Amino acid sequence: MILYDTLSGKKKDFKPIKEGEVGIYYCGMTLQEAPHVGHMRAALTADILNRYFEFKGYKVKLLVNFTDIDDKVLESAKLEGKDFRELASFYEEEYTRASERLNIQKPALYPRATQHIKEIIELVERLVEKGFGYEVEGNVFFRVRKFKPYGRLSGKKLDELHIGARVSVDEMKQDPLDFALWKAVKPGEPYWFSPWGKGRPGWHIECSAMSTHYLGETFDIHGGGDDLIFPHHENEIAQAEAATEKPLANYWVHNAMLTIKDEKMSKSLQNFIPINSLLEEYDPNAIRLYLLQAHYRRQLNYNREMLKQASSGWEHIKIFLERTRGYEGKPIASYLEEFEKNMDDDLGTPGAIAFVFDLISKANEVSKNDTGDYRETIYLILGTLGFQIEHEESIALGEVLDKILTLRSDLRKEGNYKMADKIRVVLLEAGIAIEDTRDGTTWRVK
RNA sequence: GGCGGCAUAGCCAAGUGGUAAGGCGUCGGUCUGCAAAACCGUUAUACCCCGGUUCGAAUCCGGGUGCCGCCUCCA
């Protein structure tokens, strides 16, 4: 399996640290705003890593973190007149609700910054001891220029950074590039006790502390949105590697941004689509299809038309599965290999999905006896890609519909189309679409 | 200004040296009381432009043009 690694700028063959196991840390979100489609693209990328490694037989340990304390959270809480904990919990709940609906497999853990203050303080202490951190009036800063590899991940040069910089001027910093590991408490703010007095963690430190705490000083994959490459992940590397003198992660995976009208979807631009409102309008599987039909490293534009297209595409798949309901068989090995060939190349979900459509066409050509094998193959692939296929229709509903449809069939034989059509309309109103085909009448839940 | 990425049909999107996947839409056909769906077929002499390398390039090299991301909080 090959993965593109941001640090080396190349596709690299994946080799786990421990045979058969993979540890992944994927940056979730800062709990300051409603989760939007862009956040879900990241969550989905992590989900595909999670599911696909599992499919390949790995034991996966995936962590998706929440930053529930920092400047932005406090600011947002103040604005909404809420306690920051209340605010964070609220958005976290929104996030997990959307994740569930999108059938995103639960990570091993959703670690939160406020639950790891102890680990954070320990890491900051270590950095201070080694001379990478320095304390000024209860604040602790990271000495960026002392960490030589700084800028390697993002390909930035310190002096160039300086030029275009809008680096915050802070009298207390020895160098404008330095960033906060620990912030002294300000009036009215929440705080924790530390060797430097009352205060709270800086923005980047929690990820370094939590990832190494759960996954070890060096782990397999670290991921996140590509807007986090700088400064967030750059700083994470600096903090962790200055302390441990070991690489933080072997592979850096970054998903590209979602844009809307050719602009990045983000809070500051006020152009984001909350995922939960989108979920009210579209089938979660259609949203998943929309996102997975583009490669995760390619910027993707959002608009209604594309969601509509994805909805039609999903209908197509769904109808095939419903039409072949009850067909039995076993997955076809050569086709699964084809699927893997796509996925092994840096998570080629677009190719994998195109292949599913191909398989559906093929399934239509083969004899009824073989259809089951195709169905099972398609089913397995879709499941690995995280599509949710409800396969247990209510028996009672099925029985009732069978009776009604038999009755309607009699009416049609008698030429009573008026009544037959009326039944169709009424059922549609109840959410059941029926279709008359050569082999009889079929039904499906709309 | 620095760094990175992208440019493929009406829309979306794969493909990174061997002659253009797939989806949506369109059009035609089969089926059908009608409807819907399904199925079959159709839809890029061609991959932003100009040069070059090669038997051969969307794919490699050079030069343009346009768009986006990061350099500040952001998935």
Side-chain angles (χ1 to χ4, degrees), chain A residues 6 9 26-30 32-33 35-46 64 67 70-73 75-76 95 151 154-157 159-168 203 223-232 234 254-259 262-269 272 289-290 292-301 303 305-317 319-320 322-323 342 345 348-361 363-365 412 415-418 420-421 424-425 428 433-439 442 444:
Chain A
T6 309
Y26 215 91
C27 282
M29 69 177 291
T30 299
Q32 54 164 335
E33 59 181 313
H36 57 64
V37 192
H39 292 119
M40 288 303 123
R41 187 180 199 195
L44 205 54
T45 306
V64 174
T67 298
D70 85 329
D71 293 350
K72 296 150 312 194
V73 176
E75 194 187 325
S76 182
Y95 184 98
S154 54
K156 304 212 180 292
K157 295 187 180 72
D159 296 322
E160 282 166 2
L161 261 182
H162 218 56
I163 295 165
R166 279 167 283 180
V167 179
S168 64
W203 173 37
D226 68 11
D227 55 346
L228 294 181
I229 293 172
F230 188 91
H232 185 59
E234 196 73 73
H254 291 99
N255 62 275
M257 294 295 101
L258 203 66
T259 57
D262 294 320
E263 265 190 328
K264 180 178 162 184
M265 184 178 287
S266 70
K267 192 190 182 185
S268 46
L269 291 168
F272 65 95
L289 185 67
Y290 156 67
L292 260 29
Q293 267 188 310
H295 187 86
Y296 78 95
R297 279 196 294 120
R298 184 187 168 114
Q299 201 169 80
L300 177 65
N301 202 26
N303 62 52
E305 176 58 24
M306 291 171 69
L307 263 299
K308 265 190 219 146
Q309 291 184 5
S311 297
S312 301
W314 175 249
E315 274 293 285
H316 186 84
I317 293 171
I319 285 166
F320 169 79
E322 288 179 0
R323 193 160 51 77
N342 278 296
D345 184 7
T349 56
I353 288 168
F355 185 58
V356 167
F357 283 106
D358 277 342
L359 283 180
I360 291 176
S361 289
N364 287 322
E365 287 168 18
R412 291 176 68 217
N416 191 346
Y417 296 119
K418 201 176 161 193
D421 288 352
R424 183 166 60 200
V425 170
L428 190 61
I434 62 171
E435 280 144 21
D436 299 318
T437 72
R438 197 184 327 196
D439 299 326
T442 65
R444 64 197 164 87

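Just so it is clear, the model here is predicted, and its values are computed rather than measured. Numbered from 1 within each chain, the chains take letters A, B, ... in sequence-line order.
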Nearest whole angstrom, please: distance from the P of B:A14 to the OH of A:Y296.
13 Å
Selection from B:C73, B:C34, B:C40 that lies nearest to any side-chain heavy atom of A:N364
B:C40
Taking A:G348's backbone N and O only, do any of them form a donor-acceptor pair with A:D345's side chain (distance below 3.5 Å, no angle check)?
no
If the cut-off is 4.0 Å, is A:R298 near the phosphate of B:A14, judged by side-chain N/O to OP1 or OP2?
yes
Among B:C24, B:C12, B:A75, which nucleotide sits nearest the side chain of A:M29?
B:A75
For B:U43, the nucleotide meeting Watson-Crick or G-U wobble distances (both under 3.5 Å) is B:G25
Does the side-chain ring of A:Y417 sit on the six-membered ring of the B:G33 base, less than 5.5 Å centre to centre and under 30° in tilt?
yes
Have a look at A:A354 and say if it touches a base, only the backbone sugar-phosphate, or nothing, with a 4.0 Å heavy-atom cut-off.
base
Determine the contact category for A:G38: base if any of its heavy atoms lies under 4.0 Å from a base atom, sugar-phosphate if only primed atoms, P, OP1 or OP2 are that close, otherwise nothing.
base
In whole Å, what separates the C1' atom of B:C48 from that of B:C68?
15 Å
Sub-3.5 Å donor-acceptor pair from the side chain of A:Q299 to the main-chain atoms of A:L258, do we have one?
no
For a quick check of understanding: with a heavy-atom distance under 4.0 Å over all strands, which category does A:D70 fall into, base, sugar-phosphate or nothing?
nothing
Hey, does the side-chain of A:K156 have a donor or acceptor N/O within less than 3.5 Å of a partner on the base of B:C70?
yes
With the side chain defined as heavy atoms from C-beta on, A:R444 is closest, among B:A37, B:A75, B:A14, to B:A37
Under a 3.5 Å cut-off for both contacts, is B:U32 paired Watson-Crick or G-U wobble with anything, and if yes, with which nucleotide?
none
Which residue, A:R412 or A:N301, contacts RNA chain B at a nucleotide closer to its 5' end, judged by nearest heavy atom?
A:N301
Scan A:N255 against the nucleic acid and name what it touches under 4.0 Å (heavy atoms): base, sugar-phosphate only, or nothing.
base
Please determine whether a side-chain nitrogen or oxygen atom of A:K308 lies at a distance below 4.0 Å from atom OP1 or OP2 of B:G25.
no
Is there a Watson-Crick or G-U wobble partner for B:A7 with both distances under 3.5 Å, and if so, which one is it?
B:U65
Would you mind classifying the nucleic acid contact of A:A310 as base, sugar-phosphate or nothing, using non-hydrogen atoms under 4.0 angstrom?
nothing
Looking at every strand, decide which applies to A:E75 at a 4.0 Å heavy-atom threshold: base, sugar-phosphate, or nothing.
nothing
When rounded to whole Å, the CZ to C1' distance for the pair A:F355 and B:G23 reads 16 Å
With rounding to whole Å, what would you report as the distance between B:C47 and B:A21 at their P atoms?
15 Å
B:A14 and B:C61: how far apart are their C1' atoms, nearest whole angstrom?
25 Å
Please give the nucleotide sitting opposite B:A20 as a Watson-Crick or G-U wobble pair, both distances under 3.5 Å, or none.
none
Within the structure shown, what part of the strands sits under 4.0 Å from A:T442 by heavy-atom distance: base, sugar-phosphate, or nothing?
nothing
Distance, rounded to the nearest Å, where A:H36 contributes NE2 and B:A75 contributes C1'
7 Å
Got a salt bridge between A:R424 and A:D436, using NZ or NE/NH1/NH2 to carboxylate O under 4.0 Å?
yes
Will you find, in the side chains of A:N255 and A:R298, an N or O donor that is under 3.5 Å from an N or O acceptor?
no
Scan every strand shown for a Watson-Crick or G-U wobble partner of B:C70, both distances under 3.5 Å, and answer none if you come up empty.
B:G2
Could you state the CD-P distance from A:E435 to B:A35, rounded to the nearest angstrom?
14 Å
Given 3.5 Å as the limit, does a donor-acceptor pair link the side chain of A:T349 with the main chain of A:L292, or not?
yes
Go through B:G33, B:C39, B:C70 for me and flag the one nearest to the A:D421 side chain.
B:G33
In whole angstrom, give me the gap between the C1' atoms of B:C12 and B:A7.
14 Å
With sugar-phosphate meaning primed atoms plus P, OP1 and OP2, does A:R297 contact a base, only sugar-phosphate, or nothing at under 4.0 Å between heavy atoms?
nothing
Just call it for A:H254: base, sugar-phosphate, or nothing, with non-hydrogen atoms closer than 4.0 Å on any strand.
nothing
Can you tell me the distance, in whole Å, between the CD atom of A:Q32 and the P atom of B:U72?
17 Å
Would you mind classifying the nucleic acid contact of A:E33 as base, sugar-phosphate or nothing, using non-hydrogen atoms under 4.0 angstrom?
sugar-phosphate
Identify whether any heavy atom of A:D227 sits under 4.0 Å from a base atom; if not, whether one sits that close to sugar-phosphate; answer base, sugar-phosphate or nothing.
base
Looking at A:P350, is its backbone amide N or carbonyl O close enough to the side chain of A:Q293 to form a donor-acceptor pair, meaning the two atoms are under 3.5 Å apart?
no
Between C1' of B:A75 and CG of A:L228, the distance in whole Å:
6 Å
Name the residue closer to the 5' end of RNA chain B, choosing between A:F230 and A:L258 according to the nucleotide with the nearest heavy atom.
A:F230
Pairwise P distance, B:U45 and B:C6 [rounded to whole Å]:
25 Å
For the side chain of A:R41 and the backbone of A:M257, is there at least one donor-acceptor N/O pair under 3.5 Å apart?
yes
Measuring from the side chain of A:A294 (C-beta onward, heavy atoms only), which nucleotide among B:A14, B:C40, B:G22 has the closest atom?
B:A14
Does A:Q299 get its side chain close enough to the base of B:G5, under 3.5 Å, for a donor-acceptor pair?
no
For atom P, what is the distance between B:G4 and B:A13, given to the nearest Å?
24 Å
Heavy atoms only, 4.0 Å cut-off, all strands: where does A:M265 land among base, sugar-phosphate and nothing?
base
For A:Q32, is there any backbone N or O sitting under 3.5 Å from a side-chain donor or acceptor partner on A:S76?
yes
Between B:C73 and B:C11, how far apart are the P atoms? Round to whole Å, please.
38 Å
Taking the C1' atom in each of B:G51 and B:A57, what is the distance between them to the nearest angstrom?
14 Å
Side chain of A:Q309 only, heavy atoms from C-beta on: which candidate in B:A75, B:C40, B:C24 is closest?
B:C24
Nearest to side-chain heavy atoms of A:P350, which nucleotide of B:A75, B:C73, B:A14
B:A14
From the candidates B:G22, B:A38, B:C11, the one with an atom nearest any side-chain atom of A:Q293 is B:G22
Verify the ring-centre separation between A:H39 and A:F272: is it less than 6.0 angstrom?
no
note: A:L428, atom CG; B:A36, atom C1'; distance rounded to Å ~ 10 Å
Per atom distances to the A:P231 side chain, the nearest of B:C73, B:C24, B:A35 is B:C73
Heavy atoms only, 4.0 Å cut-off, all strands: where does A:T30 land among base, sugar-phosphate and nothing?
sugar-phosphate
Any base atoms under 4.0 Å from A:G28, or only sugar-phosphate, or nothing? Heavy atoms, all strands.
sugar-phosphate
Can you tell me how far CZ of A:R323 sits from OG1 of A:T442, rounded to the nearest 0.5 angstrom?
9.0 Å
